[in-house]
Student: 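Take this structure, written in structure tokens, and hold onto it; I'll ask about it next.
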Amino acid sequence: MAGNSIKNGSNDMIEVQQQGMLKGNPPDPCIVVIFGASGDLAHKELVPSLFALNCHNLMPKQCAVIGFSRTEYSDDEFRKQMFNAVKKDSICGEDQWNEFAKNLFYVPGNFKDGPSESYKKLKKKISELQKKLNIPDNILFHLSTAPSFYSTIVKKLSESGLSKSSDGWRRVIIEKPFGTDEKSARELDSDIHEVFEEDQIFRIDHFLGKETVQNMVVFRFANPGFEPIWNRNYIDNIQITVAEDIGIGSRAGFYEKTGVIRDMIQNHLFELLCMTAIDPPVNYDGTSLRSETLKVLNSICKIDVEKDVILGQYDAGTVKGKQVDAYRDEKDVDKKSMTPTYAAIKLTLDNWRWAGVPVYLRTGKRMKEKLSEITIKFKPTPHLMFPINIEEEKKHNLLTFRLQPNEGILYTFTAKQPGAELQLRPVNLNFRYDRAFGIKEPPSSYQWLIRDAMQGDQTLFPHAEWIYKSWQIVDPIIKKWEAEPWLDFPNYKAGKWGPKAADKLIRKNNNEWNAQ
């Protein structure tokens, strides 16, 4: 069967046999309750994702979405707020929104109220909608509030009788950060397990829902040409970069208590590392995949904090031609704050596959550009008979999984340039999901993760033991920094790739950052 040819740029072409989004089956009929529905996450991700699922016919026909928060909205006011949030990027028209919005409701309430107050109103609304729309007693609770409310909400769900059903299911999505250290993560988990069983709990990390992250597993294990070289014999180093060009905005209250390691390293970057470095799972399911990712964390060698961890905080600078403030000059930030906004970490894995291969993690705010990618740098050939110097060869044979922008896979390999002389040049094979499959853009990760939770599929959700282990790794870094900071802040200008010390860190092994 001939494929469809899609140009990805001026010089390259990708062929696919079937374009567009793959159709799927909608989950069971249910009600989705969003706690914190007046907040940014509900506006930017949750309701737009539910609407997008509905546009793709991946929402149940019998379904309702209830927002629950302290802001005093009516149903119509809430619908108007959500319409303003989705209209810019929606793939659907206003008529489809109006149809979706009929099943969008709101209950104002206080998360800390007793079972006879706000939760009583929520329970009444759920019961009314179940009868009116003929929805069985299946409820998905999504906690997108401040983390300090998680235990309280779960307890109130239990006290109000909303957490159990004799003829349906209950599931709960918990947003990150899941705790602030190992101790608090275990305490939170204990509180949740008093009400819900492990198979009802979905600890969400939206990076795992990205198409490229899932495709890394497919790329390795469905194509026999790559897995045999996915090891220390052929790979020189692994680099994972999650760079943001934005600052902290209005989140100073959160960020001052959190910092970049709690906010990004402990969850997002460790998840990307695990999906890159796992051994082949027995099956693609929650039990097998999560077991293998935990093995990766367990293999991480003890980190020499002062030697292999570079922290940073941005100073004033220029981003995209606009002058921006230093972190300490952001609204509500302490003028002497030592909160890190940047981290670069070198680590190694003590296992048969990866022994001796350095892994570099890098993330920060107010960096040169918005970029999330995983780069695999292959070792040079043991003997190269062609005329090319070592420094030039380092630019070749890179495999990059790009999460944003332009989600896809970029493979840089060596080819002969046409001509009378033998001259080797790097060539980029650029596979972009949107262009290759003829879609506007890859679906948001929240779409798939919310749908998975509706279906009870925990494959792309971290297990409790994974959470504990990730905190065990970063807790010593955080504690040492908070007790004895070993660097002076601020140490990089906004609009740069981070502190110069991070460049020195990677050059110790004669490497360079792929993006610089």
Side-chain angles (χ1 to χ4, degrees), residues 33-46 66-73 106-115 117-119 121-122 140-160 162-163 170-196 200-206 248-268 330-334 337 339-341 446 453 461-462 464 466-468 470-472 474-475 478-479 482:
V33 180
I34 301 174
F35 287 87
S38 61
D40 284 349
L41 187 65
H43 283 73
K44 294 178 180 178
E45 294 287 357
L46 306 187
I66 302 174
F68 183 90
S69 198
R70 291 172 289 184
T71 307
E72 290 287 339
Y73 289 139
Y106 188 83
V107 175
N110 191 312
F111 305 137
K112 295 183 178 181
D113 277 352
E117 300 172 76
S118 298
Y119 289 85
K121 291 192 294 182
L122 176 61
L140 174 65
F141 301 106
H142 195 133
L143 276 54
S144 65
T145 66
S148 58
F149 289 117
Y150 293 165
S151 292
T152 299
I153 293 172
V154 169
K155 182 180 179 182
K156 298 300 182 181
L157 289 175
S158 177
E159 291 175 351
S160 62
L162 282 167
S163 64
R170 296 289 187 271
R171 294 170 189 144
V172 58
I173 295 177
I174 310 288
E175 286 287 338
K176 71 97 176 171
F178 198 91
T180 58
D181 55 17
E182 183 190 359
K183 182 175 181 292
S184 61
R186 289 184 180 274
E187 290 171 349
L188 173 58
D189 223 32
S190 177
D191 291 342
I192 297 172
H193 275 110
E194 287 183 7
V195 179
F196 296 104
Q200 297 175 282
I201 303 168
F202 294 76
R203 305 168 189 84
I204 196 167
D205 184 335
H206 69 274
I248 60 165
S250 61
R251 300 171 71 226
F254 165 78
Y255 206 84
E256 275 284 83
K257 297 176 183 177
T258 306
V260 69
I261 295 180
R262 290 188 179 100
D263 188 39
M264 297 295 293
I265 298 289
Q266 178 269 332
N267 39 71
H268 297 327
E330 300 275 19
K331 184 180 178 181
D332 298 326
V333 172
D334 188 328
S337 174
T339 301
T341 64
Y446 269 100
F461 294 84
W466 191 99
I467 299 285
Y468 304 156
S470 65
W471 280 120
Q472 287 175 22
V474 301
D475 277 351
I478 296 170
K479 289 176 181 176
E482 292 178 347

Student: Side-chain donor-acceptor pairs under 3.5 Å in residues 148-158, sequence neighbours left out?
Tutor:
residue	atom	partner	partner atom	Å
Y150	OH	E175	O	3.1
S151	OG	D191	OD2	2.8

Student: So how far is it from L143 CG to I204 CD1, rounded to the nearest 0.5 Å?
Tutor: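 Between atom CG of L143 and atom CD1 of I204 there are 11.5 Å.
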
Student: Go through the steps to decide whether N267 and F178 satisfy the test side chain to side chain contact (heavy atoms under 4.5 Å, CB included), and finish with yes or no.
Tutor: CA-CA 9 Å; N267 39 71; F178 198 91; over 6 Å; no

Student: Taking the side chain as every heavy atom from C-beta outward, state whether D334 and E256 have any pair of such atoms under 4.5 Å apart.
Tutor: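 When only atoms from C-beta onward are counted, E256 and D334 do touch, with a gap below 4.5 Å.
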
Student: So which heavy atom on G179 is nearest to which on L188, and how close?
Tutor: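 For G179 versus L188, the nearest heavy atoms are N-CD2, 4.1 Å.
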
Student: For S470 and Q266, work out which heavy atoms get closest and say how close.
Tutor: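 Scanning both residues completely, I find the closest heavy atoms to be OG-NE2, 2.8 Å.
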
Student: Rounded to the nearest 0.5 Å, how far apart are CZ of F202 and CZ of R171?
Tutor: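 It is 5.5 Å, given to the nearest 0.5 Å.
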
Student: Please tell me if the side chains of T341 and E330 come closer than 4.5 Å, counting only heavy atoms from C-beta onward.
Tutor: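 T341 does not reach E330 side chain to side chain.
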
Student: Quick one: closest heavy-atom pair of A42 and A37, and the distance?
Tutor: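 Looking at all heavy atoms of both residues, the closest pair is CB-O, 3.3 Å.
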
Student: Please step through side chain to side chain contact (heavy atoms under 4.5 Å, CB included) for the pair H193 and I201, ending with a clear verdict.
Tutor: CA-CA 9 Å; H193 275 110; I201 303 168; 3.6 Å; yes

Student: Suppose we screen for salt bridge (Lys or Arg N to Asp or Glu O under 4.0 Å). Which residues come up paired with D181, at least two apart in sequence or across chains?
Tutor: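 Scan of D181 (salt bridge (Lys or Arg N to Asp or Glu O under 4.0 Å), adjacent residues dropped) gives none.
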
Student: Measure the NZ-OG distance between K331 and S250 for me, rounded to the nearest 0.5 Å.
Tutor: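 Answer for the NZ-OG pair, K331 versus S250, is 8.0 Å.
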
Student: With the side chain counted from C-beta on, respond yes when F35 and L122 share a heavy-atom pair under 4.5 Å apart, and no when they do not.
Tutor: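 F35 vs L122: side chains touch.
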
Student: I need the minimum non-hydrogen distance between G109 and F68, along with the two atoms involved.
Tutor: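 The pair with the smallest heavy-atom distance is CA-CZ, 3.9 Å.
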
Student: Output all residues satisfying side-chain hydrogen bond (donor to acceptor under 3.5 Å, both in side chains) with D475, sequence neighbours left out; order by chain, then residue number.
Tutor: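 Scan of D475 (side-chain hydrogen bond (donor to acceptor under 3.5 Å, both in side chains), adjacent residues dropped) gives none.
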
Student: Might you point out which heavy atoms bring R262 and T180 nearest each other, and give the distance in Å?
Tutor: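 Here R262 and T180 meet closest at NE-O, 2.9 Å.
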
Student: Should D205 and K176 be marked as a side chain to side chain contact (heavy atoms under 4.5 Å, CB included) after you check the CA-CA gap, both sets of side-chain angles, and the distance that decides it?
Tutor: CA-CA 7 Å; D205 184 335; K176 71 97 176 171; 5.9 Å; no

Student: Considering only heavy atoms from C-beta outward, does the side chain of S69 approach that of F111 to under 4.5 Å?
Tutor: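 In contact.
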
Student: Look up atom OG in S118 and atom CG in D113, then write down how far apart they are to the nearest 0.5 Å.
Tutor: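 It comes to 3.5 Å.
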
Student: Restricting to salt bridge (Lys or Arg N to Asp or Glu O under 4.0 Å), what partner residues turn up for R203, sequence neighbours left out?
Tutor: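 Salt bridge (Lys or Arg N to Asp or Glu O under 4.0 Å) list for R203, sorted by chain: D189, E198.
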
Student: Is there side-chain contact between N110 and E117, with heavy atoms separated by less than 4.5 Å?
Tutor: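 In short, these two side chains do not touch, never coming nearer than 4.5 Å.
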
Student: Decide yes or no on side chain to side chain contact (heavy atoms under 4.5 Å, CB included) for W471 and I478, but give the supporting numbers first.
Tutor: CA-CA 10 Å; W471 280 120; I478 296 170; 4.2 Å; yes

Student: Could you tell me how the ring of H268 sits relative to the ring of H206: parallel (under 30°), tilted (30 to 60°) or perpendicular (over 60°)?
Tutor: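 It falls in the perpendicular class, over 60°.
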
Student: Do E72 and P108 have side chains that get closer than 4.5 Å, going by heavy atoms?
Tutor: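 E72 vs P108: side chains touch.
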
Student: Using the six-membered ring wherever Trp is involved, compare the ring planes of Y106 and Y73 and label them parallel, tilted or perpendicular (cut-offs 30° and 60°).
Tutor: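 If you compare the ring of Y106 with that of Y73, the planes turn out perpendicular.
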
Student: Excluding sequence neighbours, so at least two apart, what forms salt bridge (Lys or Arg N to Asp or Glu O under 4.0 Å) with R186?
Tutor: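 So R186 forms a salt bridge (Lys or Arg N to Asp or Glu O under 4.0 Å) with E182.
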
Student: Between V333 and Y255, is any pair of side-chain heavy atoms under 4.5 Å apart?
Tutor: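 No - every pair of side-chain heavy atoms lies 4.5 Å or more apart.
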
Student: Can you list everything that forms a salt bridge (Lys or Arg N to Asp or Glu O under 4.0 Å) with K183? Sequence neighbours excluded, please.
Tutor: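 K183: salt bridge (Lys or Arg N to Asp or Glu O under 4.0 Å) contacts with E187.
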
Student: What's the shortest heavy-atom distance between F141 and L162, and which atoms?
Tutor: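 Looking at all heavy atoms of both residues, the closest pair is CZ-O, 3.5 Å.
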
